[in-house]
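Scroll down for the structure; my scribbles are underneath it.
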Number of protein chains: 4
Amino acid sequence: MPVSQAQPRWQRRADARPQELLDAALAEFVERGYAATRLEEVARRAGVAKATLYLYYENKLELFKAVVRHSLVAAFDELAKEQRDAATSARAQLTKLLAAFVHRVAESPLSGLPKLVIAEASNFPDVARFYHDEMIRRGREVFTGVLERGIASGEFRAVDVDHAWRIVIAPLLLSIIWKHSFAAFEAAPLDFERHLDAHLDLLFNGLATDRRKRIRR
Amino acid sequence: MPVSQAQPRWQRRADARPQELLDAALAEFVERGYAATRLEEVARRAGVAKATLYLYYENKLELFKAVVRHSLVAAFDELAKEQRDAATSARAQLTKLLAAFVHRVAESPLSGLPKLVIAEASNFPDVARFYHDEMIRRGREVFTGVLERGIASGEFRAVDVDHAWRIVIAPLLLSIIWKHSFAAFEAAPLDFERHLDAHLDLLFNGLATDRRKRIRR
Amino acid sequence: MPVSQAQPRWQRRADARPQELLDAALAEFVERGYAATRLEEVARRAGVAKATLYLYYENKLELFKAVVRHSLVAAFDELAKEQRDAATSARAQLTKLLAAFVHRVAESPLSGLPKLVIAEASNFPDVARFYHDEMIRRGREVFTGVLERGIASGEFRAVDVDHAWRIVIAPLLLSIIWKHSFAAFEAAPLDFERHLDAHLDLLFNGLATDRRKRIRR
Amino acid sequence: MPVSQAQPRWQRRADARPQELLDAALAEFVERGYAATRLEEVARRAGVAKATLYLYYENKLELFKAVVRHSLVAAFDELAKEQRDAATSARAQLTKLLAAFVHRVAESPLSGLPKLVIAEASNFPDVARFYHDEMIRRGREVFTGVLERGIASGEFRAVDVDHAWRIVIAPLLLSIIWKHSFAAFEAAPLDFERHLDAHLDLLFNGLATDRRKRIRR
DNA sequence: GATGAATGAGCCTTCATTCAT
DNA sequence: GATGAATGAAGGCTCATTCAT
């Protein structure tokens with residue numbers, strides 16, 4: 001297998017940089033969007049001077065990219081902690097995947113990443129493409145994999161996997177978007193746990209009544 | 001009949017103008033976000049001079065609010081066309097609602113609205129609150145209403161309605177976000193029709209195998 | 001005597017124009033200054049549309065010049081009503097002149113003119129020069145004339161006429177500037193009558209009690 | 001000793017800056033008025049970039065206010081250098097006050113302040129009120145004080161002090177307004193010294209020769 | 001002649017970026 | 001390495017001016 005000739009578009013360079021800067025920048029970017037984020041604010045939040053940012057990142061765009069790249073890697077790392085042993089049932093595995101997403105991503109600052117990328121996708125297509133190629137593609141692989149395994153094993157019905165994988169994660173993705181957009185206007189914060197339960201219940205059992213209902217997970 | 005030699009420098013279109021401006025502004029705001037949208041561009045897209053915008057809207061923020069307000073109303077109008085007759089089954093009604101959302105919102109420029117509001121929620125909390133109070137609250141009412149009716153009538157299982165309503169719309173909402181963010185990077189554009197079918201299938205029947213499978217709608 | 005070859009810098013053209021426009025413009029220019037005056041406001045005050053102004057004046061500057069020119073002429077007309085018969089004493093004549101200034105200029109809208117010209121002198125040197133050459137020069141002539149006549153006749157002491165004329169009008173000029181600048185902050189409006197009396201008293205009799213103190217400070 | 005080849009793009013002068021900016025701004029504001037003054041010009045005159053102004057003053061209006069405030073204080077400081085010892089005669093003291101005004105204010109850049117405030121009074125009432133309350137009120141107090149003392153001691157006639165104080169300063173105030181408005185159009189610049197002499201002469205001795213004419217006009 | 005609608009040019013203000021210490 | 005000070009390059013907004021009716 002030949003080594004790719006081209007320079008990787010995303011170097012690892014900045015990953016050694018202070019975590020504080022990236023944390024501050026992620027928070028600001030998520031809260032305000034790329035354009036409305038002022039480096040002054042990022043710096044203040046990180047407790048450094050504005051000019052200091054330039055010691056670590058060439059410019060605002062590079063900082064932005066580093067934030068996305070770094071958060072992406074962090075998200076992977078978090079999810080990877082959940083070893084996907086193929087020994088268990090597809091249903092158990094799917095449950096585990098979704099739970100991991102909730103516990104390790106949705107409830108952490110990393111949850112801002114999807115919102116950020118979505119909001120800036122048309123302004124920074126290469127960032128969106130990067131996210132798409134790295135995160136979404138892998139997500140799709142993982143989820144379609146489980147679905148197909150379940151179908152093959154007879155655990156799952158023969159659903160339209162190409163679309164089902166999106167439907168499976170949609171409620172969770174949407175919940176983190178919710179959290180970053182409308183949380184302030186709701187009486188009580190969204191209960192991720194119950195939300196996940198409700199999703200799994202619907203997902204496995206469907207909405208329509210059936211006399212031979214399965215036991216909740 | 002002699003053709004006038006000179007093009008008039010501009011047209012007088014006081015009536016059509018507001019709509020044209022809102023259309024242009026919606027497109028730009030959705031594409032770039034509030035901060036990165038230049039009024040120059042909005043104006044160019046609408047075919048007017050920048051200053052003309054100020055004849056109709058006091059400033060950028062007011063234009064933004066008008067866009068959201070107007071799009072919201074337009075979305076309602078679209079959805080209202082689908083009369084929700086309580087005569088039919090809850091299932092048929094839910095199906096109709098979701099189909100209406102796909103056909104009348106997701107596939108129109110109005111589909112940009114959710115993405116826009118989500119992206120700018122923390123920058124403009126009052127806009128987000130407005131959207132939340134007007135759109136989301138009503139959406140919740142409609143969907144929880146159908147769910148409760150279905151449960152009451154025995155059509156649906158006794159699911160956790162407070163969460164289920166979100167899960168029911170999540171795949172559709174996400175699909176329009178998708179369309180505005182990652183469409184460019186996918187081989188084929190998302191097929192809303194198949195997506196809806198897949199969702200309805202999963203929603204009503206669940207993922208897990210069941211011998212007494214219901215008929216697809 | 002040859003006719004002047006050059007075009008007069010200030011035509012009489014606009015003097016036939018609606019008085020309303022000039023009145024409105026004078027008021028606005030005096031109140032806000034040239035730059036801060038919006039033609040929109042002038043038009044509104046005159047009860048016409050902005051574009052209508054352009055039917056009468058080429059542009060803002062021409063309107064401004066017309067206002068100054070017209071007000072100047074009006075001021076002259078007012079003052080000319082006071083026939084200066086050389087039969088009376090210099091003192092009576094001087095008194096009459098100052099009284100006329102108070103009653104015909106200071107207490108009319110024309111009082112805004114000096115303030116206006118002063119404020120805009122460096123922005124529009126030709127306007128200032130015009131005012132200087134027309135108004136001030138004539139004022140100087142009139143007042144130095146009276147002073148010299150009084151000195152010649154023995155009514156007045158042999159004062160430094162070149163400076164005295166300014167001193168003679170200073171309190172009145174300043175009073176109208178006052179009126180247009182600080183009137184709002186004073187408990188009672190300036191009583192022009194008493195002010196004039198006080199001035200005349202001081203002017204003719206001096207401040208010091210001892211009539212034999214002729215030593216310079 | 002080698003000369004540095006390149007001029008530094010800018011100097012670091014945080015200490016001197018504010019004063020330089022205020023000086024430049026005062027000059028421009030006096031020359032053009034608030035509205036017509038472009039910050040670009042102020043900056044150029046001060047030798048800095050436009051944006052630098054914003055490091056020291058929030059916006060144009062704040063700069064304007066700072067200019068007025070600062071000039072006012074500076075004027076006070078100048079005048080305060082003239083200790084007003086009550087030991088001398090009222091006449092000597094009045095003379096001293098007026099001379100101080102001429103030498104320390106009229107002949108300095110501070111002389112532009114009254115013209116500036118007068119011109120912008122109706123645009124910025126709070127600035128005018130500030131000037132009125134700080135400068136004018138104190139001026140009135142000082143001058144009426146001296147007049148009353150002189151009257152009490154028998155040095156001065158019993159004049160109408162409420163109006164006399166204005167008359168006493170009017171020629172000097174007007175002279176500085178003159179200087180900033182019409183100086184360019186006169187053959188010779190106004191000789192402040194002679195002007196002051198002429199004023200004092202008239203002020204103390206009056207215009208009329210006959211010391212027994214007490215009949216009111 | 002009058003005016004509502006439209007616009008081009010200009011200025012204030014912000015902010016990413018750079019320089020000097 | 002860190003930062004306060006400075007700036008150039010936008011972009012929002014205003015307004016004198018012009019066009020079409």
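Quick note: numbers below take in every heavy atom, side chains included, and nothing from hydrogens, waters or symmetry partners. Here is how names work: the chains are called A, B, and so on, in the same order as the sequence lines, proteins then strands, and each is numbered from 1.
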Atom [atom1] of [X] and atom [atom2] of [N]: how far apart are they, to the nearest Å?
X: C/Y57; N: F/dA16; atom1: OH; atom2: C1'; result: 17 Å
X: C/L55; N: F/dT18; atom1: CG; atom2: P; result: 12 Å
X: B/K60; N: E/dT14; atom1: NZ; atom2: P; result: 14 Å
X: D/F64; N: E/dC12; atom1: CZ; atom2: C1'; result: 16 Å

By side chain to side chain contact (heavy atoms under 4.5 Å, CB included), which residues pair with D/E62, not counting sequence neighbours? D/E58, D/N59, D/K65, D/R69
For E/dA2, does either OP1 or OP2 sit under 4.0 Å from a side-chain N or O belonging to C/Y56? yes
By salt bridge (charged side-chain N to carboxylate O under 4.0 Å, His left out) - contacts of B/K60 (at least two apart): none
Listed nucleotide nearest any side-chain atom of [X], set [options]:
X: A/T52; options: E/dT13, F/dA16, F/dA2; value: F/dA2
X: C/Y54; options: E/dA2, F/dT18, F/dA2; value: F/dT18
X: A/A51; options: F/dT17, E/dT7, E/dT18; value: E/dT18

Please list every donor-acceptor pair under 3.5 Å in which a side-chain atom of residues 111-123 of chain B meets a protein atom from a residue at least two apart or in another chain.
from	atom 1	to	atom 2	distance (Å)
B/S111	OG	B/S108	O	2.8
B/S111	OG	B/K179	NZ	3.2
B/S111	OG	B/H180	NE2	2.7
B/K115	NZ	B/V30	O	3.3
B/K115	NZ	B/H180	O	3.4
B/E120	OE2	B/Y34	N	2.8
B/S122	OG	A/E31	O	2.2

Measuring from A/L63:CG to A/L21:CG, what's the distance to the nearest 0.5 Å? 7.5 Å
Can you find a pair of side-chain heavy atoms, one from C/L22 and one from C/Y57, that are under 4.5 Å apart?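 In short, these two side chains touch, coming nearer than 4.5 Å.
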Note every stem involving DNA chain F: at least three consecutive Watson-Crick or G-U wobble pairs, i with j then i+1 with j-1, with both distances under 3.5 Å.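 In DNA chain F, stems of three or more pairs: E:2-21 with F:2-21.
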When you look at D/Y54 and D/L39, which way does the side-chain contact (heavy atoms from CB on, under 4.5 Å) test go after all the steps? CA-CA 10 Å; D/Y54 287 84; D/L39 292 189; 3.2 Å; yes
Taking only residues two or more places apart in sequence or in another chain, which ones pass side-chain hydrogen bond (donor to acceptor under 3.5 Å, both in side chains) with B/R38?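 With sequence neighbours excluded, B/R38 shows a side-chain hydrogen bond (donor to acceptor under 3.5 Å, both in side chains) to no residue whatsoever.
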In residues 31-50 of chain B, which residues come under 4.0 Å of DNA chain E by heavy atom?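 The answer is B/V48, B/A49.
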Nearest-nucleotide wise, let me know which of B/L61 and C/N59 is further upstream toward the 5' end of DNA chain F.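 Looking at the nearest nucleotide for each, B/L61 comes out on the 5' side.
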Step by step, would you call B/L55 with B/V48 a side-chain contact (heavy atoms from CB on, under 4.5 Å)? CA-CA 11 Å; B/L55 294 180; B/V48 300; over 6 Å; no
Would C/V68 and C/F64 satisfy side-chain contact (heavy atoms from CB on, under 4.5 Å), going step by step from the backbone distance to the final call? CA-CA 6 Å; C/V68 173; C/F64 178 67; 4.2 Å; yes
